[in-house]
Amino acid sequence: MKYLTEFRNGELARKLSAEIQQTVTRPWKIMEVCGGQTHSIIRNGIDQLLPKELEMVHGPGCPVCVTPLEMIDRALAIASLHNVIFCSFGDMLRVPGSSRDLFRVKGEGGDVRIVYSPLDAVQIARQNPGKEVVFFGVGFETTAPANAMAAHFAKQQGIRNFSVLVSHVLVPPAIAAIMQSPSNQVQAFLAAGHVCSVMGYWQYPELAEKYHVPIVVTGFEPLDLLDGIRRAVRQLEAGQAQVENAYERVVTREGNQAAQKLLAEVFEETDRAWRGMGVIPRSGWRLREAYLDYDAEHKFRVTGIHTQESPLCRSGDVLRGAIKPTQCAAFGKECTPRHPLGATMVSSEGACAAYYNYGRFISAEELTNA
């Protein structure tokens, strides 16, 4: 299969691994920003091909994981209203709020539906004029264009019973926040290739220069990731801090300008709260004034939300790269995919889910003795 199998070649992977081994002379910490990259690294055992001096830490790039608890609770409150059809992608349904999740709301009689596109939710609104249809719009620059298109289309068609609960966040401000943290140990980044396919990477040179940190735009296949790591290590060893594009078959510097134009028409930048990272200035999008009628937060003024995080869950530390999932005392015990305490365990891009599903928390000695 073109564009997949050639990037899973074992012989080339071993060559790249050997080159990384030969290049590294001292300890380094590199963060892969995206949860999809985390899953590929753990699933393909890339972490085990790297020299012991090189540590990969997992970043905040999981859209479900970074959605703040208050927004989850707001979604639960809106979904519980009797006249609402609440639509979401499937991975949000099991994310725990303060006391329950969307599956529980559905079990209690709420009309919660899984859709595969926000435009599906617009269609549901057209078919149910007596109901209010709300789509839960979470995620990064990758999912935002489709949500912008849904709001744009609904407005264009005069569909007034559709709205979006917006919780979009942006990658560059999160990188800046990580680098500004007094406890930061990250020395280079693998930027998320799919985000850059939309937004390009013209925003990154300023970050690389300001924080003197190498940033390599990287894909998701094993050779993509090994090449991105190799390029980052080369820069670190040479004392450089530049932006490199290791995903040229998908990403250009300018990105998808048609998508960026639509985003600019529908959304404007705003301060956003990130789960585990707090409020980051100008790190998210909200609907512009012209689209206020399609803003679920404005339409449903839910009040009285009191969030309550699990005292056992350390997903915030995982999202900042401060700890590995296995360093959380609840990992694999009180917290499992069947009974998650935090979104990082239940999301398909969550770092805790990657460690749990692919068994990297089991030592070779334990496997031998099993």
Contact summary for V95 and A343, nearest pair of heavy atoms | CG1-CB, 3.9 Å
Any side-chain donor-acceptor pair under 3.5 Å between S98 and D73?
-> yes
Count the heavy atoms of every other residue, nucleotide or ligand shown that sit under 6.0 Å from CD of E237, and state whether that count exceeds 12.
-> yes
Once you round to the nearest 0.5 Å, how far does CG of L319 lie from CH2 of W274?
-> 9.5 Å
Spell out, as yes or no, whether a donor-acceptor pair under 3.5 Å connects the side chain of N161 to the backbone of K131.
-> yes
Give a yes or no answer on whether the side chain of T67 reaches the backbone of P63 with a donor-acceptor pair at less than 3.5 Å.
-> yes
Measure the shortest side-chain to side-chain distance between V171 and Y204 over non-hydrogen atoms and say whether it is less than 4.5 angstrom.
-> yes
Aromatic ring centroids of H298 and Y291 under 6.0 Å?
-> no
Is there a donor-acceptor contact under 3.5 Å linking the side chains of Q185 and K29?
-> yes
Nearest heavy atoms of L102 and V112, plus distance in Å = O-CG2, 4.1 Å
NZ/NE/NH1/NH2 to OD/OE distance under 4.0 Å, R74 and E297 | yes
Point-to-point distance, once rounded to the nearest 0.5 Å, from CZ of R272 to OG of S283 = 8.0 Å
If you link ILVMFWY side chains whenever their heavy atoms are less than 4.5 Å apart, which other residues fall into the same cluster as L69? By chain and number, please.
-> none
Taking the six-membered ring of F7, is the NZ or CZ of R249 close enough (under 6.0 Å from the centre) and on axis enough (within 45°)?
-> yes
Q308 atom CD, neighbour heavy-atom count above 12 within 6.0 Å | no
So, are D227 and R231 salt-bridged, with charged N and O less than 4.0 Å apart?
-> yes
Heavy-atom distance under 4.5 Å between the side chains of P172 and E141, does that happen here?
-> yes
So with a 6.0 Å cut-off around CZ of R100, is the heavy-atom count from everything else above 12?
-> yes
Q127 atom CD, over 12 foreign heavy atoms within 6.0 Å | yes
State plainly whether the residues R230 and E244 are in salt-bridge range, i.e. N to O under 4.0 Å.
-> no
side-chain contact (heavy atoms from CB on, under 4.5 Å) assessment of V66 paired with M277 = CA-CA 8 Å; V66 298; M277 298 181 70; 5.5 Å; no
Counting only N and O atoms by type, is there a donor-acceptor contact under 3.5 Å from the side chain of Q327 to the main-chain atoms of K324?
-> yes
Considering residues at least two apart in sequence or located in another chain, which fulfil the ring-ring contact (aromatic ring centres under 6.0 Å, His included) criterion with F267?
-> H168, W285
Roughly how far, to the nearest 0.5 Å, is CD1 of I85 from CZ of F162?
-> 12.0 Å
Residue pair E32 / V57: nearest heavy atoms and the distance that separates them | OE1-O, 2.9 Å
Between CG of L170 and CD1 of I175, what distance do you get to the nearest 0.5 Å?
-> 11.5 Å
Check the hydrophobic clustering (I, L, V, M, F, W, Y; side-chain heavy atoms under 4.5 Å; chains of links allowed) and say if I114 and V105 are grouped together.
-> yes
Do side-chain atoms of N128 reach the backbone of G130 as a donor and acceptor pair under 3.5 angstrom?
-> no
Would you mind reporting whether F89 and F135 have side-chain heavy atoms less than 4.5 Å apart?
-> yes
Count the heavy atoms belonging to other residues, nucleotides or ligands that lie under 6.0 Å from CE of M149, then report whether that count exceeds 12.
-> no
Check whether any side-chain N or O of H58 sits under 3.5 Å from a backbone N or O of V318 as a donor-acceptor pair, and report yes or no.
-> no
Hey, does I178 have a side-chain heavy atom less than 4.5 Å from the side chain of F189?
-> yes
V164 and V134, any side-chain heavy atoms less than 4.5 Å apart = no
In terms of heavy-atom contacts, V198 and A259 come closest through CG1-CB, 4.2 Å
Can you name the one residue among I229, V186, L54, L50 that meets side-chain contact (heavy atoms from CB on, under 4.5 Å) with W28?
-> L54
Across all chains, not counting sequence neighbours, the ring-ring contact (aromatic ring centres under 6.0 Å, His included) partners of Y247 are none
With a 4.5 Å limit on heavy-atom distance, are the side chains of S80 and F86 in contact?
-> no
Who passes side-chain hydrogen bond (donor to acceptor under 3.5 Å, both in side chains) against D111, sequence neighbours left out?
-> R113
Please lay out, stage by stage, how L165 and F300 fare under the test side-chain contact (heavy atoms from CB on, under 4.5 Å).
-> CA-CA 10 Å; L165 182 59; F300 304 93; over 6 Å; no
Check: V216 main-chain N/O paired with T218 side-chain donor or acceptor under 3.5 Å | yes
Please determine if E268 and R282 form a salt bridge, counting it only when a charged side-chain N lies under 4.0 Å from a carboxylate O.
-> no
How about V133 and C87: do any of their side-chain heavy atoms sit closer than 4.5 Å?
-> yes
Distance in Å, Y358 OH paired with S40 OG, rounded so as to fall on 0.5 Å steps = 9.0 Å
Check: S117 main-chain N/O paired with D120 side-chain donor or acceptor under 3.5 Å = yes
Does S17 use its side chain to pair, donor to acceptor, with the backbone of L49 at less than 3.5 Å?
-> yes
Flag if over 12 foreign heavy atoms under 6.0 Å of CD, E334 = yes
More than 12 heavy atoms from other groups under 6.0 Å of CD on E209 = no
Under the side-chain hydrogen bond (donor to acceptor under 3.5 Å, both in side chains) rule, collect the residues that match up with R314, sequence neighbours excluded.
-> D317
Side-chain heavy atoms of V302 within contact of I78, under 4.5 Å | yes
Does Q187 use its side chain to pair, donor to acceptor, with the backbone of V213 at less than 3.5 Å?
-> no
Rounded to the nearest 0.5 Å, how far does CD of E221 lie from CZ of R8?
-> 4.0 Å
side-chain contact (heavy atoms from CB on, under 4.5 Å) evaluation trace for I30 with V233 | CA-CA 9 Å; I30 300 175; V233 166; 4.0 Å; yes
By salt bridge (charged side-chain N to carboxylate O under 4.0 Å, His left out), which residues pair with E265, not counting sequence neighbours?
-> none
According to a 4.5 Å side-chain heavy-atom criterion applied to Ile, Leu, Val, Met, Phe, Trp and Tyr, with indirect links allowed, do M31 and I41 form part of one hydrophobic cluster?
-> no
Give the minimum heavy-atom separation between V251 and G193, together with the two atoms involved.
-> CG2-O, 3.3 Å
Short side-chain to backbone donor-acceptor contact, K106 and L93, under 3.5 Å = no
Locate the shortest heavy-atom distance separating A148 from L262; write the atom from each residue and the value.
-> CB-CG, 4.0 Å
Show the numbers, then the answer: is there a ring pair (Phe, Tyr, Trp, His ring centres under 6.0 Å) between H39 and F220?
-> CA-CA 9 Å; H39 273 249; F220 301 85; over 10 Å; no
Are V195 and V243 grouped together when hydrophobic residues (ILVMFWY) are joined by side-chain heavy atoms under 4.5 angstrom apart?
-> yes
